Amino acid sequence: MAFLNCFDMLVLLLLLVNMSFYGNVDAQKNGLGASFIFGDSLVDAGNNNYLSTLSKANIPPNGIDFKASGGNPTGRYTNGRTIGDLVGEELGQPNYAVPFLAPNATGKTILSGVNYASGGGGILNATGRIFVNRIGMDVQIDYFSITRKQIDKLLGKSKAKEYIMKKSIFSITVGANDFLNNYLLPVLSIGARISQSPDSFIDDMITHFRAQLTRLYQMDARKFVIGNVGPIGCIPYQKTINQLNEDECVDLANKLALQYNARLKDLVAELNDNLPGATFVLANVYDLVLELIKNYDKYGFKTASRACCGNGGQFAGIIPCGPTSSMCTDRYKHVFWDPYHPSEAANLILAKQLLDGDKRYISPVNLRQLRDL
């Protein structure tokens with residue numbers, strides 16, 4: 001009887017191995033070709049390492065859980081993988097999108113995708129000037145135009161066009177810095193807020209963003225995922241500098257995010273109507289992150305207020321993560337890695353909803369469906 005059990009187990013194991021093998025072949029056949037990532041520090045994979053800037057994450061303990069680097073910092077503003085990394089992995093992207101400014105962003109490497117995101121970057125060119133250097137969306141798209149020509153050379157014009165249109169996803173995570181490091185910036189932005197109403201400022205953002213997305217479309221981008229602005233009034237930095245309680249968020253910051261998000265939703269609908277052959281998917285980051293913050297214990301976290309790595313105030317929310325920061329021992333129990341950015345554990349939950357979630361969080365299709373269009 002024991003022999004039969006062992007035999008049965010062996011047969012089952014062989015079946016599972018075969019299923020796994022054929023599953024992998026299928027994943028490769030239908031996998032994502034390239035992931036082109038634009039935006040800010042939420043998805044920067046190391047571009048700011050190559051800039052003279054005050055916004056950098058290539059210092060420990062950032063990246064402590066990033067297996068691909070052996071736990072060494074890469075310039076990602078989190079302890080492990082970003083949402084861009086996780087989504088690419090799950091959709092069958094062969095390698096992580098390489099930072100555009102990295103020396104190895106050449107040759108066939110770029111066919112897995114390129115990351116143009118920059119910590120401190122925004123939709124508006126003035127955003128992030130406090131950091132001295134950063135790459136805003138206009139320049140990120142200028143950089144993509146360089147990549148686009150390189151892909152023509154690698155594949156030939158006809159195949160390159162098809163590769164970009166059918167096998168590539170363009171993800172854009174931007175807008176938070178336009179509020180945090182522009183309109184809401186303490187002291188420096190007071191003049192701007194007196195001279196420009198929130199409506200007018202958001203008008204500027206939407207006008208610029210429309211032009212930026214249209215430029216990408218003109219370079220053959222067809223599959224887009226656009227993240228809205230999260231509940232920026234709830235990040236540890238905002239809670240700390242405003243001396244709030246654990247369950248409170250900064251009202252003005254969240255109101256501005258919601259106001260912008262409503263306009264962004266209209267813009268995405270407009271682009272879907274007016275740009276033939278394109279699919280613009282809206283990722284409802286605001287509601288996703290707010291759900292995680294409000295019900296953190298349900299997801300296995302012990303805090304959604306305190307940064308795991310940071311210093312200052314009751315939520316470790318003033319001084320960014322660096323070698324002299326205090327760091328929590330249970331990184332997977334914190335929604336926030338540092339005063340501004342989610343932990344890898346939070347990114348895993350957010351990525352799962354974007355990949356397979358319903359229309360509350362990602363619409364008109366989720367990212368797995370977008371890949372297969």
Side-chain angles (χ1 to χ4, degrees), residues 37 39-46 48-49 55-90 96 99 115 117 119 173 176 180 227 230-232 234-241 244 246-247 249 285 288-355:
I37 297 170
D40 54 31
S41 56
L42 290 167
V43 286
D44 186 350
N48 277 26
N49 301 354
S55 179
K56 280 185 185 280
N58 60 340
I59 47 173
N62 292 297
I64 192 169
D65 298 305
F66 190 68
K67 290 189 175 73
S69 69
N72 291 312
T74 60
R76 287 166 169 82
Y77 292 73
T78 184
N79 59 308
R81 292 163 292 177
T82 67
I83 290 183
D85 297 328
L86 292 163
V87 164
E89 270 181 32
E90 191 61 29
Y96 294 131
N115 185 311
T173 305
L180 291 173
I232 49 178
C234 301
I235 62 175
Y237 169 74
Q238 286 286 318
K239 286 190 177 197
T240 302
I241 64 166
L244 299 183
E246 193 163 358
D247 59 350
C249 296
V285 176
L288 256 177
V289 174
L290 198 61
E291 158 68 16
L292 208 51
I293 288 169
K294 282 183 173 175
N295 300 303
Y296 62 88
D297 49 348
K298 189 174 94 178
Y299 296 92
F301 294 101
K302 74 171 191 184
T303 176
S305 301
R306 187 176 180 81
C308 170
C309 182
N311 285 103
Q314 70 179 112
F315 302 121
I318 294 177
I319 301 166
C321 182
T324 59
S325 302
S326 57
M327 183 173 68
C328 68
T329 53
D330 45 1
R331 299 186 287 276
Y332 290 91
K333 297 280 185 183
H334 283 64
V335 170
F336 287 96
W337 162 243
D338 67 11
Y340 307 90
H341 306 99
S343 64
E344 183 184 74
N347 281 336
L348 277 160
I349 292 167
L350 301 174
K352 176 68 182 153
Q353 287 288 2
L354 298 181
L355 285 157

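Here the structure is a predicted model, which is why all the values come from computation and not from measurement.
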Minimum-distance pair of heavy atoms, taken over all atoms of [X] and [Y]:
X: Gly310; Y: Ser325; value: N-CB, 3.9 Å
X: Ile59; Y: Pro323; value: CD1-CD, 4.0 Å
X: Val43; Y: Gly84; value: CG1-N, 4.2 Å
X: Tyr299; Y: Glu291; value: OH-OE2, 2.5 Å
X: Thr78; Y: Trp337; value: CA-CD1, 3.3 Å
X: Leu244; Y: Gln314; value: O-OE1, 3.3 Å

If I take atom [atom1] from residue [X] and atom [atom2] from residue [Y], how far apart are they, to the nearest 0.5 angstrom?
X: Lys239; Y: Cys249; atom1: NZ; atom2: SG; answer: 4.5 Å
X: Gln238; Y: Ile232; atom1: CD; atom2: CD1; answer: 7.0 Å
X: Asn62; Y: Asn72; atom1: CG; atom2: CG; answer: 12.0 Å
X: Cys309; Y: Ile64; atom1: SG; atom2: CD1; answer: 8.5 Å
X: Tyr332; Y: Phe301; atom1: OH; atom2: CZ; answer: 10.5 Å
X: Asn311; Y: Thr324; atom1: CG; atom2: OG1; answer: 6.0 Å

With heavy-atom distances below 4.5 Å as the criterion, would you say the side chains of [X] and [Y] are in contact?
X: Asn79; Y: His334; value: no
X: Leu292; Y: Ile349; value: yes
X: Cys321; Y: Pro61; value: yes
X: Val87; Y: Leu355; value: yes
X: Ile83; Y: Leu354; value: yes
X: Asp330; Y: Lys302; value: yes
X: Arg81; Y: Glu89; value: yes
X: Ile235; Y: His341; value: no

>> Pair Tyr77, Thr82 - check side chain to side chain donor-acceptor pair (under 3.5 Å), show working.
In response: CA-CA 8 Å; Tyr77 292 73; Thr82 67; over 6 Å; no

>> Distance to the ring centre below 6.0 angstrom and angle to the axis at most 45 degrees; does that hold for Arg76 and Tyr96?
In response: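 Flagged: Arg76 positioned over aromatic ring of Tyr96.
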
Is a donor on one side and an acceptor on the other found under 3.5 Å between the side chain of [X] and the backbone of [Y]?
X: Ser343; Y: Ala346; answer: yes
X: Ser305; Y: Glu246; answer: yes
X: Arg306; Y: Pro236; answer: no
X: Lys56; Y: Asn48; answer: yes

>> As a quick check of understanding, evaluate side-chain contact (heavy atoms from CB on, under 4.5 Å) for Leu350 and Val289, giving each step before the final call.
In response: CA-CA 7 Å; Leu350 301 174; Val289 174; 4.1 Å; yes

> What's the verdict on salt bridge (charged side-chain N to carboxylate O under 4.0 Å, His left out) for Glu344 and Arg331, showing C-alpha distance, side-chain angles and the deciding distance?
Replying inline: CA-CA 9 Å; Glu344 183 184 74; Arg331 299 186 287 276; over 6 Å; no

> Are Val335 and Thr303 close enough, and set up right, to give a side-chain contact (heavy atoms from CB on, under 4.5 Å), and what steps lead you there?
Replying inline: CA-CA 7 Å; Val335 170; Thr303 176; over 6 Å; no

